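What you see is a predicted model; the values in this text were computed from it and never measured.
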Amino acid sequence: MAKKVLFINQEISPYVPKSELSVMGKDLPHKMQEAGYEIRTFMPKWGNINERRGQLHEVIRLSGMNLIIDDTDHPLIIKVASIPQTRLQVYFIDNDDYFMKRQMAEDLDGNEYDDNGERAIFFARGVLETIKKLRWVPDIIHCQGWMGAIVPLYVKLAYNADPTFANTKIVTSLFSKDLKHSVGDNFKHCLEFRNIDEEVLKPYKENFDFFELCKLALDYSDAIIEAGDGVNKDLLEYAKGKDVPFVDFCGDDYVEKYRQLYDSL
């Protein structure tokens with residue numbers, strides 16, 4: 001039976017401009033689907049995505065749930081589209097407060113959003129709740145980009161008793177693109193959920209920056225990939241210190257190595 005792989009992508013071309021992340025966000029799921037894996041693919045519905053051109057439409061049966069972050073209800077909206085010339089279907093996580101009329105990490109003046117951490121929390125929980133609704137049990141979750149950095153923690157500690165994720169393995173890819181500033185003063189508090197409390201988060205700095213966010217992802221991953229050319233050297237050193245499989249950067253010739261990794265987990 002084909003393994004089921006859930007791709008949680010920060011960016012996917014052609015919905016956002018081409019970058020190392022967005023090209024991999026499109027190509028990897030497509031190539032793995034062609035290789036025989038059963039896949040699902042998610043990304044945030046960034047405000048710079050042209051819904052009309054991309055032919056996005058809302059999936060009513062999956063939308064409507066409220067996610068509480070920092071004692072505030074945030075409605076979850078799910079949209080879907082298919083990438084032309086491929087059989088790749090993409091699910092989009094949307095919300096008026098976190099994504100509508102807003103860019104990706106920065107506003108049009110180049111300032112990072114103060115609530116980027118909350119946006120990542122909403123995205124992570126939105127993906128996991130939607131997968132539960134789809135009644136689709138992933139063997140592997142592959143996270144690409146800082147927006148997916150919270151997923152490993154939530155799968156391992158907050159959703160670990162849920163049959164959908166009880167046996168799921170987590171793969172985290174590291175890229176050179178990063179955040180420059182903190183992900184929000186209130187991030188640690190907002191991160192607390194179910195079994196995740198102050199004690200669990202004690203090893204991490206109070207002020208979560210990009211490096212701390214990546215450490216959080218790596219600490220709860222079952223395998224790590226150096227996917228970008230120019231990943232932070234300190235981050236790579238930290239990643240290689242974890243007792244999990246590690247795949248070195250291999251440029252465009254990654255399909256077979258990734259397949260071997262998936263099949264070994």
Side-chain angles (χ1 to χ4, degrees), residues 3-11 20-21 24-25 28-29 32 37 39-44 117 120-121 123-128 131 137-162 164-179 183 187-188 191 193-196 200-205 208-228 231-250 254 257-265:
K3 277 198 171 183
K4 297 178 180 178
V5 184
L6 168 61
F7 290 98
I8 301 181
N9 298 298
Q10 180 173 309
E11 303 170 25
E20 188 179 55
L21 257 172
M24 183 65 95
L28 178 58
M32 290 305 168
Y37 294 90
I39 73 158
R40 294 286 186 276
T41 307
F42 281 76
M43 74 172 287
I121 291 169
F123 177 60
R125 287 178 54 188
V127 171
L128 298 176
I131 287 296
V137 180
D139 297 301
I140 294 167
I141 296 178
H142 192 152
C143 303
Q144 302 193 98
W146 64 264
M147 275 294 286
I150 296 156
V151 172
L153 171 74
Y154 276 176
V155 169
K156 297 295 185 181
L157 295 186
Y159 289 83
N160 56 324
D162 192 300
T164 305
F165 304 106
N167 299 307
T168 302
K169 301 296 184 183
I170 307 284
V171 178
T172 292
S173 281
L174 299 175
F175 290 86
S176 53
K177 190 173 185 178
D178 61 10
L179 295 167
V183 292
F187 178 69
K188 256 194 175 183
L191 198 54
F193 178 57
R194 294 181 180 166
N195 301 327
I196 301 163
V200 170
L201 300 174
K202 191 183 284 184
Y204 304 96
K205 293 178 187 172
F208 258 75
D209 55 13
F210 175 75
F211 191 85
E212 209 69 6
L213 196 60
C214 289
K215 278 172 56 181
L216 183 74
L218 299 176
D219 288 346
Y220 291 93
S221 294
D222 298 292
I224 301 166
I225 295 173
E226 181 187 359
V231 177
N232 179 290
K233 287 184 171 56
D234 292 333
L235 192 58
L236 277 179
E237 188 177 337
Y238 185 84
K240 290 180 178 180
K242 310 303 293 181
D243 188 23
V244 298
F246 183 93
V247 177
D248 290 299
F249 180 66
C250 45
Y254 59 81
K257 287 191 177 180
Y258 286 22
R259 285 183 61 184
Q260 289 173 8
L261 178 67
Y262 291 168
D263 293 343
S264 71
L265 295 173

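Taking a cutoff of 4.0 Å between a charged side-chain nitrogen and a carboxylate oxygen, Lys240 and Asp248 qualify as a salt bridge. Ion pairing of Lys156 with Asp222 is present here, as a side-chain N (NZ or NE/NH1/NH2) and a carboxylate O approach within less than 4.0 Å.
Across Gly228 and Val231, no two heavy atoms sit closer than the pair O-CG2, 3.4 Å. When all heavy atoms of Thr172 and Pro152 are compared, the pair lying nearest together is OG1-CG, 3.9 Å. Closest heavy-atom contact between Pro44 and Met147: CG-CE, 3.9 Å. Heavy-atom minimum distance, Glu212 versus Pro203: OE2-O, 4.3 Å. For Ala217 against Ser221, the heavy-atom pair with the smallest separation is O-OG, 2.7 Å. Residues Ala227 and Tyr258 come closest through the heavy atom pair CB-OH, 3.9 Å.
At least one side-chain heavy atom of Lys242 sits less than 4.5 Å from a side-chain heavy atom of Ile224. For the pair Gln10/Phe175, no side-chain contact is recorded, criterion being any heavy-atom separation below 4.5 Å from C-beta on. Here the side chains of Gln144 and Glu11 are not in contact, with every heavy-atom distance at 4.5 Å or above. Annotation: side chain of Phe123 is not in contact with side chain of Ile150 (no heavy-atom distance under 4.5 Å). With a 4.5 Å cut-off on side-chain heavy atoms, Ile140 and Leu261 do not count as touching. Put simply, the side chain of Tyr220 does not reach to within 4.5 Å of the side chain of Val155, judged on heavy atoms. No side-chain heavy atom of Ser173 sits under 4.5 Å from any side-chain heavy atom of Leu28. Contact annotation: the side chain of Tyr254 never approaches that of Ile225 to less than 4.5 Å [non-hydrogen atoms, C-beta and beyond].
The backbone N or O of Leu191 lies less than 3.5 Å from a partner atom in the side chain of Tyr154, making a donor-acceptor pair. Judged purely by atom type and a 3.5 angstrom limit, Lys169 has no side-chain atom pairing as donor or acceptor with the backbone of Ala223. Counting only distance, with no hydrogens or angles, the side chain of Lys3 and the backbone of Leu265 share a donor-acceptor pair below 3.5 Å. Without hydrogens or angle criteria, Asn9 side chain to Met43 main chain gives no donor-acceptor distance under 3.5 Å. Using modelled atom types, no side-chain atom of Lys257 and backbone atom of Val247 make a donor-acceptor pair closer than 3.5 Å.
Between Phe193 and Tyr159, the ring planes lie tilted relative to each other; the angle falls in the 30° to 60° range. The aromatic rings of Tyr37 and Tyr262 sit perpendicular, their planes meeting at an angle over 60°, well past the 30° parallel limit.
Between Thr164 and the choices Asp162, Thr168, Asn167, the side-chain hydrogen bond (donor to acceptor under 3.5 Å, both in side chains) rule is met once, by Asp162.
Distance check: Phe187 CZ to Lys205 NZ gives 14.0 Å after rounding to the nearest 0.5 Å. One finds the CZ atom of Phe208 at 10.5 Å from the SG atom of Cys214 (value rounded to the nearest 0.5 Å).
Applying the salt bridge (Lys or Arg N to Asp or Glu O under 4.0 Å) criterion to Asp139, with sequence neighbours excluded, gives no partner residue.
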